[in-house]
Amino acid sequence: MPVVVVESPAKAKTIEKYLGGDYRVLASFGHVRDLPPKDGSVDTNDDFAMKWEVAAESRKHVKAIKDALKEDPDLILATDPDREGEAISWHLLETLAPSLKKGAQVSRVTFNAITKAAVTDAMAHPRQIDQPLVDAYLARRALDYLVGFNLSPVLWRKLPGARSAGRVQSVCLRLIVDREMEIEAFKSREYWSVHARLATPSGAEYDATLVNLAGKKLERFDIADETQANMAVAAVQHRDLFVTSVTAKPASRNPWPPFMTSTLQQEASRKLGLGARACMSAAQRLYEAGLITYMRTDGIDMAPEAVMAARDAIKARFGAEYLPKSPRMYKNKAKNAQEAHECIRPTDMMLSPDKLRVSEKDQRALYDLIWKRTLASQMEAARMERTTVEIGSKDGQVGLRANGQVMLFDGFLRVYDQGRDDPTPNATDDDDAGDSTRLPVITQGETADKRRVWPDQHFTQPPPRYTEATLVKRMEELGIGRPSTYASIVTTIQDREYVRKEQNRLIPEDKGRLVTAFLVKYFPRYVSYDFTADMETELDEISAGDRLWRDVLGRFWRDFTKALEGTSDLRIGEVLEAIDEALAPHLYPARADGGDPRECPLCHQGRLNLKTARSGGAFIGCSRYPECRYTRPLSAPDGEEVAGDRVLGENDGDEISLKVGRFGPYVQRGEATAENPKPPRASLPKGWDAAGLDLDRALMLLNLPRPIGPHPDDGQMIEAGIGRYGPYVKHGSKYANLPEVDEVFTIGMNRAVEVLAAKQTRGRAPAAAPLRELGDHPDGGPVQVMNGRYGPYVKWGKINATLPNSMTPETITMEQALELITAKAAKSPKKGAKKAAPKAAAKTKAAKPKATAKTATRTGATKTAAKKPAARKAAATKVAKTPTSE
């Protein structure tokens, strides 16, 4: 039985079903080897030799494969059909090679869809590992390692608080920061438009826009203010109007091509609200279930048999009039052949979303999107008639235009219409809406009766912030990243807290601005869009066999080391001055009174500048420190200046003061002394105005947590306070959040008990309904057929027995269920039974307890559930020093 290796257990299960008992299918659980996260893993002095290490969590999977190869030495590597999949196969072969028997057959197979036909066809056409594809992986992995392990330490030393930098991650971050600076520098400009509600002789109304005035075509800013707008309104009102021309032109709209990775992520964001990572996770599961083709691709072409299947589905579902005479062909736009697989499409065109047997909401929604887009791509064009009506005065001083559209045949729009990211910035009304208006019957030469004429005020708008969809689109346009990297890049900059997402928009955090400013100042070449795109092109050329990967690395490393050497003598103060200057418009926004934005608002003598604390991180402080202790965060809340330190009053002989620290304003009782180095403090809750804070409200904060009273059940004190996660009530070790901050100071016993009780029951999922009730067990209690995470099972009391593949929930009998329950009960340890003593390990080290782990399918990343304190500390240190890929 040849051993077939794939990445994930879900994929293994599906493939094993198609191959039957002639093959043994095992999962590698993603990559089995990686570069150790320490210096020297890529030896730049030894022709970029790379030192690989089998991950601890992968050793058991490798052992399982080795054990299987003892029975049958033939190995078939069936990992994904892209660069990462080829790399996983290469790593497996390199790891397993020493244990392979002499004469063992090793082959590589790929398939674009996990269907029986695709899998069996792939098995019939094996090949060897594609070495140029592996070389491209090695070059990319080495580049990411060299950038991360050499650039990140520079950031740590020269810019306290910075976490890491990555080859593509930093360029993606720059896109977001540059857009934000563009928005902040934007100066809005006023302009006006004039509109009229007109009527035909029969009384049918329609709207038109003024497009000519005083015999001149109007440009956007020609009507600059309200006075000019009112004059234009008067010019229209004081003239008789008539229809000078009516032009009707046929028009058509062709469908969009099928999905590739970037367009799927964009549309999933627009229509489903899925981030790039959630989109790809749902797509991965659909692929592994055999429902869609491979989801990491730059290709938009479709297999001929799939095109014909789509046409058959269209004809059967919508009729022959929705089917073009000939199939639609889409030209592949991939920059790199190794990423240019077939488009993302359903494997069965007749499987409509309403027939899909998938319980996960995201997967169902994503499949619906893919199915509709695929069918629409092969449907007839939408046909319409666009009408333009010109209206004018006899003296030619005034001209208006009305646009309208009539849908003659909906074509592909019956199934699918692509979403839009944003309306066109600063577009006129006609640009975005005019063509969709339905016009009445209008005849050339007829009068146009004026029912109403009015002006509209407009202001130019800044470019919108990026969403994940528009960011991926922009990265694709610039040639930054590839299908397999979009989701990880966008996710990484959020996980590093360089960027936050609000209302689906990506907004740079201050630390993200600092890192970008540092890199643009001292490493401009390596965060430039052109350089990153050119490097991607060189990697593509390696995968095509047109370049040698070590040559590409050599040229990169020579230049990169020079840039690193140029920062060796930099002082932190020098770095802060450079960044302070670069970010000045953001850090010191113009004051409403026209004063110096850098003047210290507390002492009015010092100047504000960028500073760092010993604990890491940056803040704004006064140049007269320590005489003046004014500080504030880099960004004042809501763009407003935070009030400086001031005394609010006295209480019990202690001075109560408002202070501003690196993390915002706070109140303090007394001053720090040698006897009391940490006087009582309390941060101001979000939404509280520091400038309007008084003594009473400060004391309310300092007196938290507030005792409410003993709980009626056990007498333990219930308290209300404000913690890291907001306002709360506490009973013993149990916490429950409160919706409003002010409720902390007013909540009573009845409300507190109610909130705590609601917290205890919240989040408990209702019991799942059984698929079937089989009857009562002979020993009492119902026997049920349930649907679980890993498939259907029978349940009796606390015994759950999985249904074998030969049984289905619809056909299983009570007798079969009792047999499964009896067999399961026999395997289960009896309550109170003593565990068998562990066998002594001969000639081996003492066995260590195994840690439970959840292994990510593609990356092989592991979250260990149980580690010793020392191990946890070591792991934390390793993670902190591990640079981000790309």
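Source: prediction; values computed, not measured.
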So does [X] pair up with [Y], basic N to acidic O under 4.0 Å?
X	Y	result
R465	E180	yes
E288	K11	no
E477	R474	yes
D449	R451	yes

Donor-acceptor contact present, side-chain [X] to main-chain [Y], <3.5 Å:
X	Y	value
T485	G481	no
R383	D410	no
T79	I88	no
R772	E810	yes
R500	L506	no
E16	A12	no
D80	D82	no
R179	Y466	no
T261	M295	yes
S269	G273	no

Provide the closest heavy-atom pair for [X] versus [Y] in the form atom of the first, atom of the second, distance.
X	Y	answer
Y367	S352	CE2-C, 4.3 Å
Q363	A282	CG-O, 3.9 Å
I15	F111	CD1-CZ, 3.5 Å
P508	V177	CB-CG2, 3.9 Å
A303	R345	CB-NH2, 4.4 Å
A268	C279	CB-SG, 3.8 Å

**Item:** Candidate list V358, I344, L286, test side chain to side chain contact (heavy atoms under 4.5 Å, CB included), partner L366, passing option
**Value:** L286

**Complete:** Which of T297, T110, V109, D130 passes side chain to side chain contact (heavy atoms under 4.5 Å, CB included) with P81? Answer is T110

Under a 4.5 Å cut-off applied to non-hydrogen side-chain atoms, are [X] and [Y] in contact?
X	Y	answer
E321	E380	no
T200	V441	no
P201	E446	yes
S252	M384	no
V243	E390	no
V194	W454	no
L210	H195	no
S359	R364	no

**Item:** Exceeds 12 heavy-atom contacts within 6.0 angstrom, atom NZ of K116
**Value:** no

**Prompt:** What do you reckon, is CD of E305 surrounded by more than 12 foreign heavy atoms closer than 6.0 Å?
**Reply:** yes

Distance, nearest 0.5 Å, that separates [atom1] of [X] from [atom2] of [Y]:
X	Y	atom1	atom2	result
T247	K249	OG1	NZ	6.5 Å
D348	K355	CG	NZ	9.0 Å
K372	Y416	NZ	OH	10.0 Å
L323	K315	CG	NZ	7.5 Å
Q378	R373	CD	CZ	12.5 Å
T263	I300	OG1	CD1	8.5 Å

Do [X] and [Y] get their side chains close enough for a donor-acceptor pair, meaning under 3.5 Å?
X	Y	value
T811	T808	yes
E342	T293	no
Q265	R277	no
E468	Q494	yes
Q461	S188	no
T467	T470	yes

Do [X] and [Y] meet the cation-pi criteria used here (NZ or CZ under 6.0 Å from the six-membered ring centre, within 45° of the axis)?
X	Y	value
R414	Y322	yes
R189	F221	yes
R174	Y529	yes

**Request:** Check step by step if side chain to side chain contact (heavy atoms under 4.5 Å, CB included) holds for Q444 and T244.
**Result:** CA-CA 6 Å; Q444 183 175 342; T244 59; over 6 Å; no

**Prompt:** Checking side chain to side chain contact (heavy atoms under 4.5 Å, CB included) for the pair H458/S193: CA distance, chi angles, key distance, verdict?
**Reply:** CA-CA 8 Å; H458 310 274; S193 60; 2.7 Å; yes

**Asked** Are Y191 and F459 an aromatic pair by the rule of ring centers under 6.0 Å?
**Response** no

**Message:** One pair to check against side-chain hydrogen bond (donor to acceptor under 3.5 Å, both in side chains): E190 and Q457. What are the steps and the verdict?
**Reply:** CA-CA 7 Å; E190 180 185 10; Q457 184 184 32; 2.9 Å; yes

**Request:** Could you check V389 against S245 for side chain to side chain contact (heavy atoms under 4.5 Å, CB included), going step by step and ending with a plain yes or no?
**Result:** CA-CA 6 Å; V389 180; S245 70; over 6 Å; no

**Request:** Check step by step if side chain to side chain contact (heavy atoms under 4.5 Å, CB included) holds for V785 and Y793.
**Result:** CA-CA 6 Å; V785 183; Y793 63 94; over 6 Å; no

**Request:** Would you sort out whether T374 and S377 count as a side-chain hydrogen bond (donor to acceptor under 3.5 Å, both in side chains), showing the intermediate values?
**Result:** CA-CA 5 Å; T374 305; S377 71; 5.7 Å; no

